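Note that this is a predicted model, so its numbers are computed, not measured. For the numbers below, each heavy atom of this structure counts, side chains included, while hydrogens, waters and symmetry mates do not.
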Amino acid sequence: MDSSSATAATVAPVVTSAPPLEDCLRLLRGERDEQKLAGLLVAANVCRAGDADAVANVYRAVGPRFLRRLLNTGLGKVEGGKEEEREAYMRLAVTVLAGLARVPEVAADEGVVSTVPLVAEVVAKSTDPAITEECFELLSLIAIASEDGAYEFCEPGVIDMIFLQILSLTDGSKCVELAINLLQLLVHKLKVDTMSSEKLQGMTRMVTCLARIFAVLHTAVKFDALHMLTFLLSQKESPLHDFLRSIPASIWESHIRVGITAILQNRVVSSEKLHALLLAECMMSILGEDWLSEDFEVQDNQNVLSVDKFVLLVLESARVEVAVLLNELAYLKYESSKISQTDEAISQKQRNLAILFSLIERIIKMISNASSGEGAPIHTIRESTIMQAITGLNETINLVLDFLQDAKDHGQWKGDDLLAAARIVGSYLAEAPYACKEKTGNLLEFIFSIEGQDESSSFYSICFMLPMLSQITMEVDGCRTLASFGGHKAVIDCLVKMTEQGGMTIDNGSMFLACDTIINFMSNMKSVHIPVDYRFIRLLKALVTWAGTTDASSVTMTASCLCVMLLDMTSEKFLLSCSHFDANILGSLSEIIIRSLQQDIPDDDSEQFKQKQIIVSGYKRWADRFPRVKDVVEQHVSV
């Protein structure tokens with residue numbers, strides 16, 4: 001390509017009228033570069049005219065190969081030519097491509113899509129804002145036109161080149177606006193669930209680059225980066241998360257922390273702080289709760305808070321937002337019924353509250369790990385920080401209990417916000433079962449009645465309380481609290497339902513907690529009679545079902561222990577007279593007891609050793625009342 005073409009490119013804007021389209025196409029189909037270049041100068045005017053058919057004809061005439069060669073020449077990848085000539089070729093190629101891409105069919109063509117890496121390289125190398133703007137417009141048109149066009153940005157190096165330029169752009173410029181629009185388009189259009197591993201690598205680079213922008217820039221773009229990060233990282237069970245976990249360096253994680261710190265420490269609107277807190281929750285969800293307490297090296301000369309201060313900053317920010325939302329929700333639900341459009345306002349606040357509750361639950365787990373020495377955090381939190389965090393958590397849980405009391409007073413037991421409140425209370429009491437003892441005791445019956453908006457039972461609210469119940473029922477006072485409103489019956493119903501979730505795997509963790517609660521209750525409250533009725537038989541059947549799903553000794557021993565205690569309350573003759581009980585169930589119960597008596601208990605497993613003692617002593621008490629069970633058991637083991 002010679003310098004005369006560059007001269008032509010320079011004078012192109014003074015052309016006042018274009019030759020007929022056929023002359024343009026004839027030039028573009030010419031064999032010599034000079035003809036094609038002359039045709040392109042005219043084609044630029046054709047494209048600006050907006051005639052889709054004419055533009056398509058121009059594209060077919062020139063072909064993508066020549067346009068790519070023109071870009072390569074402009075980028076200096078082809079030997080020869082002066083710098084000013086290369087600049088002219090680059091400008092001409094980008095201008096023509098941008099004009100052609102305004103027709104969606106052309107923008108979606110494989111030849112145009114294949115220019116994305118080259119155009120991204122132009123973005124990274126060009127110092128001319130006009131060229132950069134046109135490049136971003138061109139890239140956006142390609143991304144909009146087809147799925148292939150959008151996925152081309154995941155090719156190696158493309159994202160890096162685009163982000164490199166964004167970091168150097170002037171705040172408020174047209175280039176920044178176009179660049180952010182392009183990124184937002186890609187973030188919302190690309191579907192990671194169906195991506196190949198190679199494409200996911202590109203998406204991983206997008207996240208790490210956005211993280212750097214979030215940390216380094218202190219302009220409106222920081223908030224744009226925050227919103228894109230929360231969109232990408234809040235998707236549940238995304239394959240992108242696995243790729244992010246596999247990144248060996250932790251630089252991007254530290255960038256996220258720096259950005260979150262800046263948002264939470266400065267005066268920004270509440271909605272942006274909520275986004276920052278959502279991002280913190282996403283990071284803990286993807287990388288584990290200990291992410292909050294890990295110590296990272298930070299680049300880009302960014303000041304960073306100590307781990308202890310960062311933990312408290314996130315927790316205190318979340319606590320403040322929770323307090324505000326609880327107050328606003330209570331007002332909207334119970335005081336402002338006459339105000340229009342209240343339902344949407346309530347729904348949005350409920351969604352925000354759920355995010356904050358999820359974050360605080362993860363902090364509770366992180367604090368529990370830190371105080372118990374579990375997990376392997378890179379940085380150990382100071383004891384004073386743990387105590388300060390626990391004090392704050394205790395205050396927040398008291399506010400949540402007040403919120404539940406308000407709902408109880410207004411006769412409200414159904415709602416996702418109430419269910420979320422029950423969950424966070426259960427999470428905290430699992431770690432501190434005697435915290436807020438009086439309030440919890442007064443509200444426990446109400447909590448057992450809470451249902452989600454689209455649910456027909458209080459199954460989940462009872463499940464949330466099981467970790468706490470399994471601990472407080474180890475003492476008589478806790479059993480009395482449960483018995484005061486028949487809560488032990490609700491726990492039995494909950495356990496039974498766990499085994500009746502069609503097609504779902506039984507949650508062993510919750511089953512153990514429910515069994516422990518019932519075993520504790522029966523051991524400490526012998527004066528409370530559990531009637532041998534339909535609920536009783538369903539419980540026996542549920543234990544048979546659970547024990548039949550696995551050979552795990554912990555399941556066998558726990559199920560057998562509770563079965564033995566239940567059988568001690570009745571007789572074989574009475575059970576066989578019940579309409580919902582038969583000899584097959586009796587046979588299954590016998591098998592469970594045999595398996596438990598045959599278990600070799602490890603010397604260091606005091607829990608199973610205690611269970612076996614209960615099984616043996618219980619069996620001896622009632623064996624004569626269950627002759628069929630006795631015959632089967634004593635054929636296999638000696639008791």
Side-chain angles (χ1 to χ4, degrees), residues 153 159 163 166 179-193 195 200 202-245 247 250-266 268-289 291-292 294 296 310 313-315 317-322 324-325 347-363 366 420:
F153 287 82
I159 291 295
F163 273 92
I166 292 175
I180 295 303
N181 287 341
L182 170 62
L183 294 179
Q184 290 170 334
L185 170 66
L186 293 173
V187 164
H188 288 86
K189 187 169 184 177
L190 294 170
K191 306 300 181 185
V192 298
D193 291 342
M195 278 188 180
L200 280 169
M203 288 301 294
T204 301
R205 289 301 302 153
M206 180 178 288
V207 170
T208 56
C209 290
L210 279 170
R212 188 175 178 212
I213 288 177
F214 182 47
V216 173
L217 296 185
H218 300 287
T219 64
V221 176
K222 178 187 285 291
F223 299 105
D224 293 320
L226 170 61
H227 298 166
M228 286 186 273
L229 283 167
T230 54
F231 181 85
L232 288 171
L233 300 185
S234 63
Q235 299 174 30
K236 301 301 181 185
E237 299 179 2
S238 168
L240 177 61
H241 297 175
D242 292 329
F243 273 79
L244 291 171
R245 280 189 284 265
I247 298 176
S250 60
I251 296 173
W252 79 279
E253 300 174 36
S254 63
H255 282 150
I256 296 287
R257 174 174 291 180
V258 170
I260 289 174
T261 300
I263 298 292
L264 297 182
Q265 282 189 320
N266 287 283
V268 299
V269 294
S270 179
S271 60
E272 300 298 355
K273 288 196 173 185
L274 281 168
H275 263 97
L277 292 169
L278 169 58
L279 184 55
E281 195 277 337
C282 292
M283 294 297 288
M284 296 175 82
S285 173
I286 296 169
L287 301 173
E289 285 77 12
W291 170 81
L292 196 67
E294 290 178 1
F296 299 105
F310 181 65
L313 174 65
V314 172
L315 175 58
S317 299
R319 290 197 333 103
V320 168
E321 296 298 329
V322 164
V324 170
L325 281 171
S347 296
Q348 183 59 54
K349 292 183 188 300
Q350 287 175 332
R351 288 191 291 270
N352 292 340
L353 189 64
I355 292 168
L356 293 168
F357 278 171
S358 180
L359 172 61
I360 292 175
E361 282 185 63
R362 295 188 184 282
I363 295 175
M366 185 273 294

Worked check of ring pair (Phe, Tyr, Trp, His ring centres under 6.0 Å) between H188 and F231
CA-CA 8 Å; H188 288 86; F231 181 85; 4.2 Å; yes
Residue pair I213 / A225: nearest heavy atoms and the distance that separates them:
CG2-CB, 3.9 Å
About how many Å separate CD1 of I260 and CG of L277, when rounded to the nearest 0.5 Å?
8.0 Å
Side chains of V314 and L359: does their closest heavy-atom pair fall under 4.5 Å?
yes
Are the side chains of V207 and L229 in touch, meaning some heavy atoms are under 4.5 Å apart?
yes
Going from OG on S317 to CG on L264, what distance comes out if it is rounded to the nearest 0.5 angstrom?
4.0 Å
Whether the side chain of S254 engages the backbone of I251 through a donor-acceptor N/O pair (distance < 3.5 Å, no angle test) should be reported.
yes
Heavy atoms only: give me the nearest G259-K222 pair and the separation to one decimal.
CA-NZ, 4.4 Å
Can you pull out every salt bridge (Lys or Arg N to Asp or Glu O under 4.0 Å) where at least one residue sits in residues 270-287? Sequence neighbours excluded, please.
E281-R362
My understanding is that only residues two or more places apart in sequence, or in another chain, count here; which of them pass side-chain hydrogen bond (donor to acceptor under 3.5 Å, both in side chains) with N352?
Q348
In Å and rounded to the nearest 0.5 Å, what is the CG to CE distance from L292 to M284?
4.5 Å
What I'd like to find out is whether the side chain of I355 reaches to under 4.5 Å of the side chain of L274, using heavy atoms alone.
no
Partners meeting side-chain hydrogen bond (donor to acceptor under 3.5 Å, both in side chains) with E361 (sequence neighbours left out)
R423, S427
For residues V268 and I263, report the shortest heavy-atom separation together with the two atoms involved.
CG2-O, 3.5 Å
What pairs of donor and acceptor atoms, side-chain ones from residues 179-186 against any protein atom, are under 3.5 angstrom apart with sequence neighbours left out?
unit_1: N181; atom_1: ND2; unit_2: E177; atom_2: O; d: 3.2

Any cation-pi pair here, R257 with W291, using under 6.0 Å and within 45°?
yes
Interatomic spacing from CD in Q265 to CZ in F310 - rounded to 0.5 Å:
10.0 Å
Out of curiosity, L325 CG to L353 CG, how far, rounded to the nearest 0.5 Å?
5.5 Å
Non-hydrogen atoms of F214 and L279 that approach each other most closely
CE2-CD2, 3.6 Å
Reported CD-to-CE distance for the pair E289 and M283, which is rounded to 0.5 angstrom:
13.0 Å
Side chains of F163 and L210: does their closest heavy-atom pair fall under 4.5 Å?
yes
Test ring-ring contact (aromatic ring centres under 6.0 Å, His included) applied to H227 - qualifying residues, sequence neighbours left out:
H275
For residues 237-245, which side-chain N or O atoms pair as donor and acceptor with protein atoms under 3.5 Å away, sequence neighbours left out?
unit_1: S238; atom_1: OG; unit_2: L240; atom_2: N; d: 3.1
unit_1: H241; atom_1: NE2; unit_2: L233; atom_2: O; d: 3.3
unit_1: H241; atom_1: NE2; unit_2: Q235; atom_2: O; d: 3.3
unit_1: D242; atom_1: OD1; unit_2: R245; atom_2: NH2; d: 2.5
unit_1: R245; atom_1: NH1; unit_2: I286; atom_2: O; d: 2.7

Checking A354 now: which residues fulfil side-chain contact (heavy atoms from CB on, under 4.5 Å) with it, not counting sequence neighbours?
none
Taking salt bridge (charged side-chain N to carboxylate O under 4.0 Å, His left out) as the test, write out the residues that go with E321, two or more places apart.
none
Closest approach of M206 to L190 (non-hydrogen atoms, all atoms of both residues):
CE-CD1, 4.4 Å
R319: salt bridge (charged side-chain N to carboxylate O under 4.0 Å, His left out) partners, not counting sequence neighbours
E316, E395
State which residues pass side-chain hydrogen bond (donor to acceptor under 3.5 Å, both in side chains) with K349; sequence neighbours excluded, sorted by chain then number.
E328
